[in-house]
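If you read the sequence from its start, that first residue is 1, and numbering goes on from there. All values below were derived from every heavy atom in this structure, side-chain atoms included, with hydrogens, water molecules and symmetry-related copies excluded. Computed from a prediction, not measured in an experiment: that's the story for all the values here.
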Amino acid sequence: MNLIDWVGSLAAILTTASFVPQAWHTFRTRDVSGISLGMYSLFTVGVALWLVYGVLMVAWPIIIANVITTSLALMILVMKLRYR
């Protein structure tokens, strides 16, 4: 791996890891009252588009990070719609 791949991988790990505590809290408590439906909808679409971008560019750090984040974001978005 070259320096660019290392930087991309580290960025992917850190941004994905930063999302996990909030996702875990939401899954554990089912409390979605503090989550904005509009913001989370846009966030989920944005992360999904990053995933598409990563696939088109064949950029594995982007693909892996956004598969994880899109999955978690979709689950939280479904919970927001279900537990309003």
Legend entry - Hydrophobic cluster membership, Val58 vs Leu56, 4.5 Å side-chain cutoff: no
Inset, instruction - Tell me whether Ile35 is reachable from Val78 by hopping between hydrophobic residues (I, L, V, M, F, W, Y) whose side-chain heavy atoms are closer than 4.5 Å. - result: no
Inset, instruction - Check the surroundings of atom CD1 in Ile4: do more than 12 heavy atoms from other residues, nucleotides or ligands lie under 6.0 Å from it? - result: no
Please table the atom pairs, donor to acceptor, closer than 3.5 Å between any side-chain atom in residues 38-53 and protein atoms at least two apart or in another chain.
unit_1	atom_1	unit_2	atom_2	d
Ser41	OG	Leu37	O	2.7
Thr44	OG1	Tyr40	O	2.8

Inset, instruction - With sequence neighbours excluded, tell me which residues meet side chain to side chain donor-acceptor pair (under 3.5 Å) with Thr26. - result: Gln22
Inset, instruction - Name all residues meeting the side-chain contact (heavy atoms from CB on, under 4.5 Å) criterion together with Arg82; count only those two or more places apart in sequence or in a different chain, and write none if there are none. - result: none
Inset, instruction - Output the distance between atom CG (Leu74) and atom CE (Met79), rounded to the nearest 0.5 Å. - result: 13.0 Å
Without placing hydrogens or testing angles, list every side-chain donor-acceptor pair under 3.5 Å for residues 7-21, not counting sequence neighbours.
unit_1	atom_1	unit_2	atom_2	d
Ser9	OG	Asp5	O	2.8
Thr15	OG1	Ala11	O	2.9
Thr15	OG1	Ala12	O	3.4
Thr16	OG1	Ala12	O	2.9
Thr16	OG1	Thr69	OG1	3.4
Ser18	OG	Thr15	O	2.8

Legend entry - ring-ring contact (aromatic ring centres under 6.0 Å, His included) pairs, two or more places apart, involving residues 59-84: none
Legend entry - Cluster link Met75 to Val67, ILVMFWY, side chain under 4.5 Å: yes
